[in-house]
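Right, one structure below, let's go through it.
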Amino acid sequence: MSKQGGAHILVVDDEPAILRAVRTNLAGHDFRVETAETGREALDSHAYHRPDLILLDLGLPDMDGLDVIRRVRERSATPIVVLSARETERDKVAALDLGADDYLTKPFGVDELLARIRVALRHAARPASGNAPVFRTGDLEVDLERRRVTVGGREVHLTPTEYELLKALITHPNKVLTDRMLLQWVWGGQYGAQDHYLHVYVARLRKKLDPAAQSPRYLVTEPGVGYRLLADEG
């Protein structure tokens, strides 16, 4: 894996103006950039150049971007950040369920794009053996070996299900996880459509992690899509 400052990125979009703008901004931050305007070009470029990350528009002229995600995932774990003008929740959920790492809805700011790229590259660079035994962000600390959760030094008692939900989220920090992903990971495949289970446990987990907060500090909702655990970068 390349260092983030020199990572090799494939940008896939059929709008030349967007390709130029994204390529220029990424090059200005020391990324190496390849571009493609069709799904076929994207798949060929991915096979030949082996980029560290793909920025992918869903609305391509020759095939749906969802098909590109599916075919990349058949052969590679290359991080994929979706860039799309599609605002429907169904498209976002479908992209994430197929294996995309994150999404941005057009129009988007350069700073936000760079932040999402950093997060996706950091996830990809994480050793396959797992995460550090202790996860920390803000006042939240999770000792994965001892299954101990503290907030500001105060121990928080979680049920086994609440702990497994929190564990799923902290092992993918800053990454949006769909309802379906969380339900399958925590409850099992037979619960893939039982959203009400998830919403109840998320509400309980939020109350225990930050009971005085007026708005979620750690566990935020991506409306109609899923949830994201906010964590300090680094």
Side-chain angles (χ1 to χ4, degrees), residues 4-5 7-46 49 51-73 76-124 172-181 215-216 220-231 233:
Q4 291 184 21
H8 193 180
I9 297 180
L10 171 60
V11 184
V12 186
D13 201 300
D14 65 339
E15 297 183 48
I18 292 179
L19 278 183
R20 287 194 300 270
V22 173
R23 179 173 55 197
T24 299
N25 279 294
L26 293 181
H29 287 82
D30 298 325
F31 291 106
R32 293 179 293 133
V33 183
E34 304 291 337
T35 61
E37 297 185 15
T38 69
R40 172 47 58 191
E41 288 178 5
L43 293 171
D44 288 346
S45 183
H46 175 259
H49 294 290
D52 296 312
L53 181 141
I54 301 172
L55 297 178
L56 175 67
D57 178 41
L58 294 182
L60 301 174
D62 60 335
M63 69 173 68
D64 194 292
L66 297 177
D67 291 327
V68 176
I69 296 172
R70 185 180 294 107
R71 294 179 65 173
V72 169
R73 281 292 168 264
S76 171
T78 304
I80 301 172
V81 177
V82 168
L83 309 177
S84 179
R86 300 182 187 179
E87 296 182 357
T88 64
E89 296 166 355
R90 180 182 301 175
D91 289 326
K92 296 174 182 176
V93 172
L96 293 165
D97 280 341
L98 284 171
D101 294 80
D102 209 339
Y103 68 87
L104 278 173
T105 301
K106 297 176 181 177
F108 50 84
V110 174
D111 288 343
E112 185 176 11
L113 173 61
L114 293 172
R116 299 297 177 88
I117 289 173
R118 289 195 299 269
V119 168
L121 289 173
R122 205 159 47 242
H123 289 161
H172 301 85
N174 295 312
K175 177 178 177 179
V176 59
L177 302 179
T178 67
D179 290 355
R180 182 181 177 186
M181 289 176 178
S215 58
V220 300
T221 301
E222 296 284 346
V225 180
Y227 299 94
R228 188 191 303 265
L229 191 288
L230 296 183
E233 289 195 11

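- Residues R180 and V93 form no side-chain contact, since every pair of their non-hydrogen atoms from C-beta on lies 4.5 Å or further apart.
- Atom-to-atom distance recorded for T35:OG1 and L10:CG is 8.0 Å, nearest 0.5 angstrom.
- To the nearest 0.5 Å, atom CZ of residue F31 and atom CD1 of residue I117 are 5.0 Å apart.
- The CZ atom of F108 sits 4.5 Å away from atom CG of L83, with the distance rounded to the nearest 0.5 Å.
- Listed by chain and number, the residues in a side chain to side chain donor-acceptor pair (under 3.5 Å) with E41 amount to none (sequence neighbours excluded).
- Across every non-hydrogen atom of A42 and A36, the tightest pair is N-CB, 3.7 Å.
- Using a 4.5 Å heavy-atom cutoff, the side chains of I54 and V81 are not in contact.
- Here H49 contributes atom NE2 and D44 contributes atom CG; the two are 9.5 Å apart, rounded to the nearest 0.5 Å.
- With contacts defined as side-chain heavy-atom distances shorter than 4.5 Å, the pair I69/L58 qualifies.
- Here D67 pairs with M63, D64, R70 under the side-chain contact (heavy atoms from CB on, under 4.5 Å) rule; sequence neighbours left out.
- For the pair D62 (side chain) and R40 (backbone), a donor-acceptor distance under 3.5 Å is present.
- Side chains of H46 and T78 form a contact here, defined as non-hydrogen atoms less than 4.5 Å apart.
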Would T178 and L96 count as a side-chain contact (heavy atoms from CB on, under 4.5 Å) here? Give the steps. CA-CA 7 Å; T178 67; L96 293 165; 3.4 Å; yes
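- The closest side-chain heavy-atom distance from V11 to L26 is below 4.5 Å.
- D52 and A7 get closest at one heavy-atom pair: OD2-CA, 3.4 Å.
- Side chain of N174 to main chain of A231: a donor-acceptor pair is present (N/O by atom type, distance under 3.5 Å, no hydrogens or angles).
- The two residues V33 and H8 make their nearest non-hydrogen contact at N-CD2, 4.5 Å.
- The salt bridge (Lys or Arg N to Asp or Glu O under 4.0 Å) pairs that include a residue from residues 11-22 are D13-K106, E15-K106, where partners are two or more places apart or lie in different chains.
- At least one side-chain heavy atom of L55 sits under 4.5 Å from a side-chain heavy atom of I9.
- With a 4.5 Å cut-off on side-chain heavy atoms, Y103 and E222 count as touching.
- Taking NE2 of H29 as the reference point, atom OG1 of T24 lies at 12.0 Å (rounded to 0.5 Å).
- To the nearest 0.5 angstrom, R116 atom CZ is 12.5 Å from L53 atom CG.
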Please test L229 against H172 for side-chain contact (heavy atoms from CB on, under 4.5 Å), starting from the C-alpha separation and ending with a verdict. CA-CA 8 Å; L229 191 288; H172 301 85; over 6 Å; no
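- Summarising the geometry of S84 relative to D57, their closest heavy-atom pair is CA-OD1, 3.8 Å, with the distance given to 0.1 Å.
- Across A100 and V82, no two heavy atoms sit closer than the pair CB-CG2, 3.9 Å.
- Under the 3.5 Å distance criterion, the side-chain polar atoms of T221 are left unmatched by any main-chain donor or acceptor of P223.
- The residues R73 and D101 are annotated as salt-bridged, a charged nitrogen and a carboxylate oxygen being separated by less than 4.0 angstrom.
- One finds a salt bridge joining D102 and R228 here, because a Lys/Arg side-chain nitrogen approaches an Asp/Glu carboxylate oxygen to under 4.0 Å.
- With contacts defined as side-chain heavy-atom distances shorter than 4.5 Å, the pair L98/I80 does not qualify.
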